[in-house]
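One structure is given here, and the rest of the page talks about it.
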Amino acid sequence: MADEKELKVSLKGGKFVVSGEFDLGYMGVYKNSQIEILSEIDAVRDWDCVKKSFGEKEPTDEELCAFLADCLKQYQKKISENKKMVNDNFLANVFYDMSQCGYPFWENEKLVTSTDFDEDELWESGYDDLNEVIDDLMEEYSGTANDGSVKKRDVEAAVRKALPLFNLDAVLKSVKSECLCLHSGYLAFQCSDTLGAEILCGAYDQLSENLEFTEWHNH
């Protein structure tokens, strides 16, 4: 019996079609039509990774599809092996955004772990503990690989300690995967939350081959 989760690539009407599932950790699970290869066939044949793999030989359509499926599988394998660090880089980006704008999460009952708090105090100093650590965490995670080659601190533990009132579990459970796209040399994703809180609103980034986050956008 065929594994419906296995990543496969085929050509239909001159376009690449991906089937299967891709688990991107906290950024969601992407399935079938959510996974895309938007480049035209001739453009993909011109990708550096394709040329490196096939040399002077031009791959057949079948060989190209198999190669692209293998690229997705290799990304999935690396991410699975380094899921903690990839998740932590995602969280570092999210919480840095929150700290920069002072997002009043306590105004949304879905985002708090308790209703026993002083709102005036939070407006004044709600992010103080996070602000003490987030810049150092971002320095560790910005512009660096997440493939295990660089040792980094535990972001999730740090933010849970700094913002105990924030209901991180609720946000992570609400993540909606939107699209995942394979390009030459990187994998791009986009996701949002479904709490109406817009902690994640079209959150987008690109993962390089060493799983560095290179192009973060949110909102």
Side-chain angles (χ1 to χ4, degrees), residues 1-51 53-54 58-83 86-87 89-91 93-94 97 146-147 169-219:
M1 183 176 179
D3 183 357
E4 294 182 354
K5 294 183 178 182
E6 182 183 357
L7 290 160
K8 298 179 180 180
V9 177
S10 59
L11 276 168
K12 293 183 180 179
K15 303 292 183 182
F16 291 107
V17 176
V18 182
S19 61
E21 291 187 9
F22 196 109
D23 185 347
L24 199 53
Y26 286 168
M27 290 80 84
V29 176
Y30 298 76
K31 301 179 181 181
N32 301 320
S33 62
Q34 289 182 313
I35 310 170
E36 301 173 323
I37 301 169
L38 298 177
S39 299
E40 299 293 333
I41 300 173
D42 288 343
V44 172
R45 284 196 170 95
D46 202 39
W47 284 5
D48 288 342
C49 58
V50 174
K51 289 183 174 181
S53 179
F54 290 94
E58 183 171 297
T60 65
D61 290 352
E62 292 76 14
E63 289 173 333
L64 192 59
C65 288
F67 174 80
L68 294 173
D70 187 62
C71 286
L72 286 167
K73 290 176 182 177
Q74 289 303 313
Y75 263 110
Q76 177 69 97
K77 183 174 183 291
K78 283 192 288 187
I79 290 168
S80 296
E81 291 172 348
N82 299 280
K83 187 173 287 187
V86 171
N87 285 341
N89 203 146
F90 174 66
L91 292 178
N93 289 339
V94 172
D97 284 353
N146 290 307
D147 59 1
D169 293 330
V171 174
L172 294 178
K173 288 177 182 177
S174 80
V175 172
K176 177 184 179 182
S177 56
E178 294 174 337
C179 60
L180 185 75
C181 191
L182 179 67
H183 296 268
S184 177
Y186 68 92
L187 185 72
F189 72 87
Q190 181 173 304
C191 62
S192 296
D193 71 64
T194 55
L195 294 175
E198 296 189 344
I199 298 294
L200 302 171
C201 184
Y204 171 91
D205 212 327
Q206 299 172 2
L207 298 180
S208 68
E209 293 180 358
N210 64 5
L211 307 184
E212 175 191 345
F213 283 60
T214 63
E215 198 69 35
W216 175 255
H217 299 287
N218 191 13
H219 300 102

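Predicted model, so just to flag it, every value in this text is computed and none were measured. Scope of the values below: all heavy atoms of this structure, side chains included, with no hydrogens, waters or symmetry mates.
- When all heavy atoms are compared, the tightest approach of Asp97 to Trp216 is OD2-NE1, 2.8 Å.
- Here the closest non-hydrogen pair linking Thr194 and Ser174 is OG1-O, 2.9 Å.
- With rounding to the nearest 0.5 angstrom, the OG atom of Ser10 is 14.0 Å from the NZ atom of Lys15.
- Pairing each heavy atom of Phe67 with each of Cys49, the nearest pair is CZ-O, 3.6 Å.
- The backbone N or O of Glu212 sits less than 3.5 Å from a side-chain atom of Ser208, completing a donor-acceptor pair.
- Nearest heavy-atom pair across Val175 and Cys191 is CG1-CB, 4.0 Å.
- Between Asp61 and Arg45 there is a salt bridge, since a side-chain N of the basic residue sits under 4.0 Å from a carboxylate O of the acidic one.
- At most 12 heavy atoms of other shown residues, nucleotides or ligands fall within 6.0 angstrom of atom CG in Asp48.
- Scanning all heavy atoms of the two residues, the minimum distance from Ser33 to Glu36 falls at O-CG, 3.8 Å.
- In terms of the side-chain contact (heavy atoms from CB on, under 4.5 Å) criterion, residue partners of Lys73 (sequence neighbours excluded) are, by chain and number, Glu6, Leu7.
- Two residues are said to be in side-chain contact when any heavy atoms from C-beta on lie closer than 4.5 Å; Asn89 and Leu211 fail this criterion.
- Under the 3.5 Å distance criterion, the side-chain polar atoms of Ser53 are left unmatched by any main-chain donor or acceptor of Val50.
- In this structure, the side chain of Asn218 engages the main chain of Cys201 through a donor-acceptor pair within 3.5 Å.
- We find the CG-CG distance between Asp147 and Leu207 to be 11.5 Å, quoted to the nearest 0.5 Å.
- We find the CZ-CE distance between Phe189 and Met27 to be 4.5 Å, quoted to the nearest 0.5 Å.
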Stepwise side chain to side chain contact (heavy atoms under 4.5 Å, CB included) check, Gln76 with Leu72: CA-CA 6 Å; Gln76 177 69 97; Leu72 286 167; over 6 Å; no
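- In this structure, the side chain of Asp193 does not engage the main chain of Val171 through any donor-acceptor pair within 3.5 Å.
- To the nearest 0.5 Å, atom CG of residue Asn87 and atom OH of residue Tyr26 are 5.0 Å apart.
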Audit row: Phe22, Tyr75, side chain to side chain contact (heavy atoms under 4.5 Å, CB included) steps and yes/no: CA-CA 9 Å; Phe22 196 109; Tyr75 263 110; 3.9 Å; yes
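- Atom CD of Glu63 and atom CG of Leu68 lie 12.0 Å apart (nearest 0.5 Å).
- Taking all atoms of both residues into account, the shortest heavy-atom contact from Phe213 to Asp205 is CD2-OD2, 3.1 Å.
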Can you give me every donor-acceptor pair (side chain of residues 177-188, partner residue at least two apart or in another chain, under 3.5 Å) with its distance?
residue: Ser177; atom: OG; partner: Val29; partner atom: O; Å: 2.8
residue: Ser177; atom: OG; partner: Gln34; partner atom: OE1; Å: 3.4
residue: Ser177; atom: OG; partner: Gln34; partner atom: NE2; Å: 3.4
residue: Glu178; atom: OE1; partner: Gln190; partner atom: NE2; Å: 2.9
residue: Glu178; atom: OE1; partner: Ser192; partner atom: OG; Å: 3.4
residue: Glu178; atom: OE2; partner: Ser192; partner atom: OG; Å: 2.8

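- When the options Asp23, Leu24, Asn146 are evaluated for a side-chain contact (heavy atoms from CB on, under 4.5 Å) with Lys83, the one that passes is Asp23.
- No donor-acceptor distance shorter than 3.5 angstrom exists from the side chain of Asn32 to the backbone of Ser19, with no hydrogens or angles considered.
- Of the inter-residue distances, the one linking Asn210 atom CG with Lys78 atom NZ reads 7.5 Å to the nearest 0.5 angstrom.
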